[in-house]
Visitor: 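Mind looking over this structure? Questions follow.
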Amino acid sequence: MAAAEAAVVSSSSLETDPAPETAESAETAATTAATTAATAAAVAVAAAARTGCEARVVKAALATKLLSLSGVFAVHKPKGPTSAELLNRLKEKLLAEAGMPSPEWTKRKKQTLKIGHGGTLDSAARGVLVVGIGRGTKMLTSMLSGSKRYIAIGELGKATDTLDSTGKVTEEKPYDKITQEDIEGILQKFTGTIMQVPPLYSALKKDGQRLSTLMKRGEVVEAKPARPVTVYSISLQNFQPPFFTLDVECGGGFYIRSLVSDIGKELSSCANVLELTRTKQGPFTLEEHALPEDKWTIDDVAQSLEHCSSLLPAELTLKKSKPEESNEQILSCEYMTLNETKGEDDVNKTF
């Protein structure tokens with residue numbers, strides 16, 4: 001009997017002993033899991049730190065490269081933004097890519113990114129816009145005095161206050177008797193050195209304010225006097241009344257809007273510019289050299305600068321700049337728009 005009880009007690013002990021061992025194992029497993037999670041978190045934090053450090057190094061290298069860029073290149077301006085707005089968009093993309101300005105950067109050395117454009121295109125026009133960066137901004141004046149080429153689509157029978165399709169219609173005249181031969185016959189009058197009156201809606205200034213700004217306010221503005229401009233070539237590409245297409249190569253300070261308006265008057269009708277594309281400015285062409293917006297990166301601009309340097313006269317090429325003394329620099333920006341006529345602030349007359 002005692003033996004039986006002992007056996008039962010022994011058996012009972014064997015059945016209940018594993019419980020403490022199971023609890024202890026669970027506690028150990030939980031501790032191990034927590035340790036593993038903490039280790040994994042620490043590894044992740046360290047990896048993130050390394051990644052962040054590497055990212056800062058990459059940004060620093062890009063910023064140094066951006067600051068070293070100097071020269072002249074071309075971008076493709078679409079219809080819509082003004083030339084100044086497009087330049088600002090380009091600047092913002094380059095700065096964002098370089099991570100500039102960044103609070104991690106010290107102010108021991110302050111560098112200025114100079115960027116500007118030469119030869120304004122109005123918002124309604126598209127095409128080649130020449131941009132100078134770094135010391136290349138000093139080269140933009142030569143771009144203004146060089147030749148430019150445009151494809152312009154004019155509309156007969158309507159005159160507007162801006163001389164293009166964005167303005168209010170001020171006059172309508174018949175055009176149904178005008179032939180292709182009529183247009184071709186008068187183009188010779190607009191070739192060579194001619195006198196041209198600039199549009200009232202333009203960047204020309206009166207008392208320090210743009211004429212276009214004064215016009216929009218409803219103020220009375222007198223037209224600027226006619227001045228000499230140069231047309232190297234002009235040809236009629238297409239005529240489907242009331243629309244006609246011109247291919248024009250001209251010098252600085254020339255207004256395509258005034259040309260189309262004057263052609264309409266010469267034909268005893270009126271006309272305005274429906275569409276305008278600048279296909280060439282100096283040595284830069286729309287098809288070969290103008291960077292579209294999806295290529296506005298530091299590397300693409302650097303490659304374009306290198307490619308475009310071979311297009312410029314030897315006296316305009318830039319010497320290689322000295323290597324930067326430090327990567328610890330902070331960027332500020334300067335904008336430039338240049339004159340085509342002395343004494344007229346930020347006047348770039350093309351449209």
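Computed from heavy atoms alone, side chains included, the values below leave out hydrogens, waters and symmetry copies.
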Visitor: Assess whether a salt bridge exists between R89 and E293, defined as any Lys/Arg side-chain N lying under 4.0 Å from an Asp/Glu carboxylate O.
Guide: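 Result for this pair is yes, salt bridge flagged.
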Visitor: Can you name the residues that form a side-chain contact (heavy atoms from CB on, under 4.5 Å) with Q303, not counting sequence neighbours?
Guide: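 Expected list: D300.
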Visitor: Return all side-chain donor-acceptor pairs below 3.5 angstrom for residues 236-247, not counting sequence neighbours, or 'none' if the list is empty.
Guide:
unit_1: Q237; atom_1: NE2; unit_2: S235; atom_2: OG; d: 2.7
unit_1: D247; atom_1: OD1; unit_2: R149; atom_2: NE; d: 2.9
unit_1: D247; atom_1: OD2; unit_2: R149; atom_2: NH2; d: 3.1

Visitor: Could you tell me if T162 and D164 have a donor-acceptor pair between their side chains, going purely by distance under 3.5 Å?
Guide: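 Yes, side-chain donor-acceptor contact under 3.5 Å.
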Visitor: At what distance, to the nearest 0.5 angstrom, does CD of Q196 lie from CZ of F254?
Guide: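 Q196 CD to F254 CZ: 4.5 Å, rounded to 0.5 Å.
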Visitor: Salt bridge check: are E266 and K189 linked by an N-O gap of less than 4.0 Å?
Guide: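 Salt bridge flag = yes for K189 with E266.
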Visitor: Can you name the closest pair of heavy atoms from A302 and L69 and give their distance?
Guide: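 It is CB-CD2, 3.8 Å.
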Visitor: Between atom OG1 of T285 and atom NZ of K280, what is the distance when rounded to the nearest 0.5 Å?
Guide: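 The NZ atom of K280 is 8.0 Å from OG1 of T285, to the nearest 0.5 Å.
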Visitor: Measure the CG-CG distance between L113 and L95 for me, rounded to the nearest 0.5 Å.
Guide: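 Result: 6.0 Å between the selected atoms.
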Visitor: Kindly write out the residues that satisfy side-chain contact (heavy atoms from CB on, under 4.5 Å) with L267, not counting sequence neighbours, or none if the list is empty.
Guide: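 side-chain contact (heavy atoms from CB on, under 4.5 Å) check on L267 returns L156, I178, D182, I183, I186, I263.
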Visitor: Are L163 and V229 connected, step by step, through hydrophobic side chains (Ile, Leu, Val, Met, Phe, Trp, Tyr) whose heavy atoms are closer than 4.5 Å?
Guide: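 In one cluster: no.
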Visitor: Looking at K65 and D299, is there a salt bridge between them, counting it only when a charged N and a carboxylate O are closer than 4.0 Å?
Guide: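 Between K65 and D299 there is a salt bridge, with a charged N closer than 4.0 Å to a carboxylate O.
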